[in-house]
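First the structure, in the form of structure tokens, and then the observations on it.
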Amino acid sequence: MTENLSENKNNPSSTNFIENIINEDLKLNKNNNKVHTRFPPEPNGYLHIGHAKSICLNFGIAESYQGLCNLRFDDTNPSKEDVEYVESIQEDVKWLGFSWEDRLFYASDYFEKLYLYAVQLIRDDKAYVDDLSPEEIRQYRGTLTEPGKNSPYRDRSSEENLDLFQKMRSGEYPDGAKVLRAKIDMTSPNINMRDPILYRIMRAHHHRTGDEWCIYPMYDYAHPISDAIEGITHSICTLEFEDHRPLYNWLIDSLIGKIKDFKSRPLQIEFARLNLTNTVMSKRKLRELVEEGHVKGWDDPRMPTISGLRRRGYTPDAIKDFCERIGVAKSNSTVDVALLEHCIREDLNAKAPRVMAVLRPLKVIIENYPEGKVEELEAENNPENPGMGTRKMPFSRVIYIEQDDFMEEPPKKFFRLAPGNEVRLKHAYIIKCEQVIKDEKTGEVIELRCSYDPTTKSGEDTSGKKVKGTLHWVSVQHALKAEVRLYDYLFIEQQETIEDEEKTMVLNPKSLEKLTSYIEPSLINSRSSQRFQFMRNGYFCVDRDSDQDKLVFNRIVSLRDTWSKIKKT
RNA sequence: UGGGGCGUAGCCAAGUUGGUAAGGCACGGGACUUUGACUCCCGCAUCCGUAGGUUCGAGUCCUCCCGCCCCAGCCA
């Protein structure tokens, strides 16, 4: 029965529109019944959770159809690209748990072939060399509502074009002097079909081909051909390329009979990219956050980058689960970040060991507990999974509890500590608050004097007492000091005026709060990227800044907090 | 005023050939609880952007209208 339940959860009976297309293709025996996808990032920035959606889609489809998925770098614009990014992208895809096996490709692998195919287009009078300047090309292109007009160079002979194109390659012209264009239709209502540029002259050092080339193919030209060379059957991309599909098909149709390298007739399918609330997703805006110093780098735990999420403590499983749950469709949508948080909570609830950490300490002296006495109390590591065992926690006369867990004048539904009130200390005893010590000047509560009931020890309670609240705590003399970094959303909604319903996203000034906290001693040997549940607080991950002398934890996500909702009412 | 898309609950999203609105998140209520966590129950669209039409019957077909997104890089 439990099997059925989990099956239903992970295998929704409904398929998305891309799977529907693939199922139809399979029914019609297209592509020899093979499914072959690719993830084609440009190595010009770090991957973010929106890319994770695409990665999960492409690799996931390959997996479920027993097909293949390639990793291909779309490196056709050397002026923006760098090996730093090709490395980080590979790391991120691997970390998510996908493998391209031996199929790591680059569009630049095909530069020579791409050149030859361009020559073929010229021979077929389907491409020509244009001498117009960038400004002139723009003017000749027309506008959204007016057709463009033909370039005066449009009718050069194939021979002349061949010669010119060869000279473009051999470096006889300066950057920008000439371009190779497809000869399609300058009056097309689709601007992408108004003789799109195929090649430009650009003397830029390429991270793989060095200075071998001074002409580089455009995305629109390189992409369909790369797909066909690799035998891609379904070329999945985002919505903004929908207008480019006629060009994609034009190129495939123009070359497919002529070129023996084409292993498939790929079909481009477009889906809506991911947007998330409380953050930004464009490479440009993410770069701005880094460059303007709003965050510490691409892997700042507040960033929606894969590397940021990884450092924050997110698991690949949670991210993949998220990508499955959001679905795939064609409508622009913004997913509530609460769903992402739900996914990591669900994953970590099962996996993360529980420990006690007091984020904002309040000293408690248990007056009737013998001075100098230390008890080693047994604590389970995960009530969800008894197999994770137990550990010992030292208990003594002076402890810290959370400041939020005490109120001098508690409201009705406050189940925690208050003057004269009893609560249980998790894994330990029931204590009662006897006296409140305040700072004489500020009136701030600085210490509590409590008593404990020796008959209420966890596991051997003979008192029959029932208390509503259970608090976490650490023993002052045993606790470890740690830096705890609390992260909040990078962006928050702000209403412009009271009547204005328009909300704008503004940078959250409190997206990071650093605390000095006290952690139970069992964490002394914790290692970078280990994850824990700090009981009653949230899930935390050891940051890579952490070492034996200074422990550093990142809050991945807080626990659901019903009390904070009650408190507000 | 051109072309391409999209509009199903607060947020995502199913809804093959028209047959009487899945699921998840969020939210509300309750049970349980040595994490106010987890888990478990219950509730949450008389209605599918709007208005007409076809039909015994329409979210699904037709027409009008409205709204939102994308396209005029020698970026991807």
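Only heavy atoms go into these numbers, but all of them, side chains included; no hydrogens, no water, no symmetry mates.
- In summary, A/K320 and A/E324 do not engage in a salt bridge, as defined by a charged side-chain N under 4.0 Å from a carboxylate O.
- With P as the reference atom, B/rA9 and B/rU1 are 28 Å apart, rounded to whole Å.
- Distances were taken from every side-chain heavy atom of A/E242 (C-beta onward) to each of B/rC74, B/rU35, B/rG4; the shortest belongs to B/rG4.
- Among the protein residues, A/K468 comes within range of no part of the nucleic acid, since none of its heavy atoms lies under 4.0 Å from any strand.
- One C1' atom belongs to B/rG7, the other to B/rC65, and the distance between them is 14 Å to the nearest Å.
- Using a 4.0 Å heavy-atom cutoff across all strands shown, A/D243 reaches at least one base atom of the nucleic acid.
- Nearest to the side chain of A/R416, among B/rU35, B/rA72, B/rG36, sits B/rG36.
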request  = Please test A/Y248 against A/D227 for side chain to side chain donor-acceptor pair (under 3.5 Å), starting from the C-alpha separation and ending with a verdict.
outcome  = CA-CA 10 Å; A/Y248 185 102; A/D227 282 342; 2.7 Å; yes
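- Looking at heavy-atom distances under 4.0 Å, A/H244 makes contact with a base.
- Remark: C1' of B/rC12 and NZ of A/K53 are 9 Å apart, rounded to the nearest angstrom.
- The shortest distance between the side-chain N/O atoms of A/S333 and the OP1/OP2 oxygens of B/rA13 is below 4.0 Å.
- Residue contacts for A/G538: at a heavy-atom cut-off of 4.0 Å it reaches no nucleic acid atom on any strand shown.
- Nearest nucleotide to the side chain of A/E384, out of B/rC74, B/rA14, B/rC38: B/rC38.
- Using atom P as the reference point in both B/rC61 and B/rG24, the two lie 27 Å apart (nearest Å).
- Within 4.0 Å of A/P40, counting heavy atoms only, lies no atom of the nucleic acid at all.
- B/rC42 and B/rC32 have their C1' atoms separated by 15 Å, given to the nearest Å.
- Distances were taken from every side-chain heavy atom of A/T562 (C-beta onward) to each of B/rC71, B/rG36, B/rC12; the shortest belongs to B/rG36.
- At a threshold of 4.0 angstrom between heavy atoms, the contacts of A/T145 include nucleobase atoms, whether or not backbone atoms are also involved.
- OP1 and OP2 of B/rC25 both lie 4.0 Å or more from every side-chain N or O belonging to A/R560.
- Here B/rG15 is the nucleotide among B/rG3, B/rC11, B/rG15 with the atom lying nearest to any side-chain atom of A/N20.
- One can place CG of A/L47 at 18 Å from P of B/rA76, the figure rounded to the nearest angstrom.
- Base engagement by A/R424 is indicated by at least one non-hydrogen atom pair under 4.0 Å involving a base atom.
- Comparing B/rA37, B/rG2, B/rA76 by their closest approach to the side chain of A/L559 singles out B/rA37.
- Within a 6.0 Å sphere centred on CZ of A/R273, heavy atoms belonging to other residues, nucleotides or ligands number 12 at most.
- Partner of A/Y199 under the ring pair (Phe, Tyr, Trp, His ring centres under 6.0 Å) criterion, chosen from A/F165, A/Y216, A/F111: A/F165.
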message = Could you go through A/H223 and A/R38, starting from their C-alpha distance and side-chain angles, then the distance that decides it, and tell me whether this counts as side chain to side chain donor-acceptor pair (under 3.5 Å)?
response = CA-CA 11 Å; A/H223 207 88; A/R38 101 270 90 115; 2.6 Å; yes
task = In sequence, state the C-alpha distance, the side-chain angles, and the governing distance for A/K183 and A/R154, and then conclude on side chain to side chain contact (heavy atoms under 4.5 Å, CB included).
result = CA-CA 8 Å; A/K183 191 187 280 191; A/R154 197 175 198 263; 3.5 Å; yes
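- Between A/F532 and A/Y539, the gap from one ring centroid to the other reaches at least 6.0 Å.
- Separation of the C1' atoms belonging to B/rC11 and B/rG19 is 30 Å when rounded to the nearest angstrom.
- No more than 12 heavy atoms of other residues, nucleotides or ligands sit less than 6.0 Å from atom NZ of A/K285.
- When distances are taken from the side chain of A/I566 to each of B/rG36, B/rA76, B/rG5, the shortest belongs to B/rG36.
- Base engagement by A/H427 is indicated by at least one non-hydrogen atom pair under 4.0 Å involving a base atom.
- Nucleic acid contact class of A/V179 (heavy atoms, under 4.0 Å, all strands): base.
- One can place NE2 of A/H472 at 10 Å from P of B/rG36, the figure rounded to the nearest angstrom.
- The gap from the C1' atom of B/rC48 to that of B/rU35 amounts to 42 Å, rounded to the nearest Å.
- Base pairing annotation: B/rG28 forms a Watson-Crick or G-U wobble pair with B/rC42, both donor-acceptor distances under 3.5 Å.
- Among the protein residues, A/Y199 comes within range of no part of the nucleic acid, since none of its heavy atoms lies under 4.0 Å from any strand.
- In this structure, A/R325 does not reach the B/rG23 phosphate: none of its side-chain N or O atoms is under 4.0 Å from OP1 or OP2.
- Between A/R141 and B/rC74, a side-chain N or O to OP1/OP2 separation shorter than 4.0 Å is present.
- Across B/rA13 and B/rA31, the matching P atoms stand 36 Å from one another, rounded to whole Å.
- Taking the P atom of each, B/rC69 and B/rG43 are spaced 38 Å apart, rounded to whole Å.
- A close approach under 4.0 Å does not occur between any side-chain nitrogen or oxygen of A/S564 and OP1 or OP2 of B/rG36.
- With RNA chain B read from its 5' end, the first of the two nearest nucleotides for A/N537 and A/L340 is the one closest to A/L340.
- The A/R354 side chain lies nearest to B/rU35 when the options are B/rA13, B/rU35, B/rG73.
- When the nucleotides B/rG36, B/rA26, B/rC74 are ranked by their closest atom to the side chain of A/H342, B/rA26 comes out on top.
- Within residues 130-137 of chain A, the residues having any heavy atom under 4.0 Å from RNA chain B are, by residue number, A/L132, A/S133, A/P134, A/I137.
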request  = Step by step, work out the side chain to side chain contact (heavy atoms under 4.5 Å, CB included) result for A/I197 and A/D130.
outcome  = CA-CA 9 Å; A/I197 292 169; A/D130 196 350; over 6 Å; no
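- For A/R273 and B/rC70, the shortest distance from a side-chain N or O to OP1 or OP2 is not below 4.0 Å.
- Donor-acceptor pairing under 3.5 Å, judged by distance alone, is present between the side chain of A/Q533 and the base of B/rU35.
- Both geometric conditions, a ring-centre gap below 5.5 Å and a plane tilt below 30°, are not fulfilled together for A/Y219 over the base of B/rA76.
- Look at A/K330 and you won't find any side-chain N or O under 4.0 angstrom from OP1 or OP2 of B/rG4.
- Picking from B/rA72, B/rC75, B/rG36 the nucleotide with the shortest atom distance to the side chain of A/F414 gives B/rG36.
- Glycosidic conformation, B/rG73: syn, with the torsion inside 90° of 0.
- A/R138 comes within 4.0 angstrom of sugar-phosphate atoms only, judged by non-hydrogen atoms across all strands, and of no base.
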query = Please walk me through it: do A/E402 and A/N537 pass side chain to side chain contact (heavy atoms under 4.5 Å, CB included)?
reply = CA-CA 10 Å; A/E402 208 72 60; A/N537 265 314; 3.4 Å; yes
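- Of the candidates A/F540, A/Y518, A/F534, A/F534 is the only one forming a ring pair (Phe, Tyr, Trp, His ring centres under 6.0 Å) with A/F553.
- Taking side-chain N and O atoms only, A/S331 has no distance below 4.0 Å to OP1 or OP2 of B/rC68.
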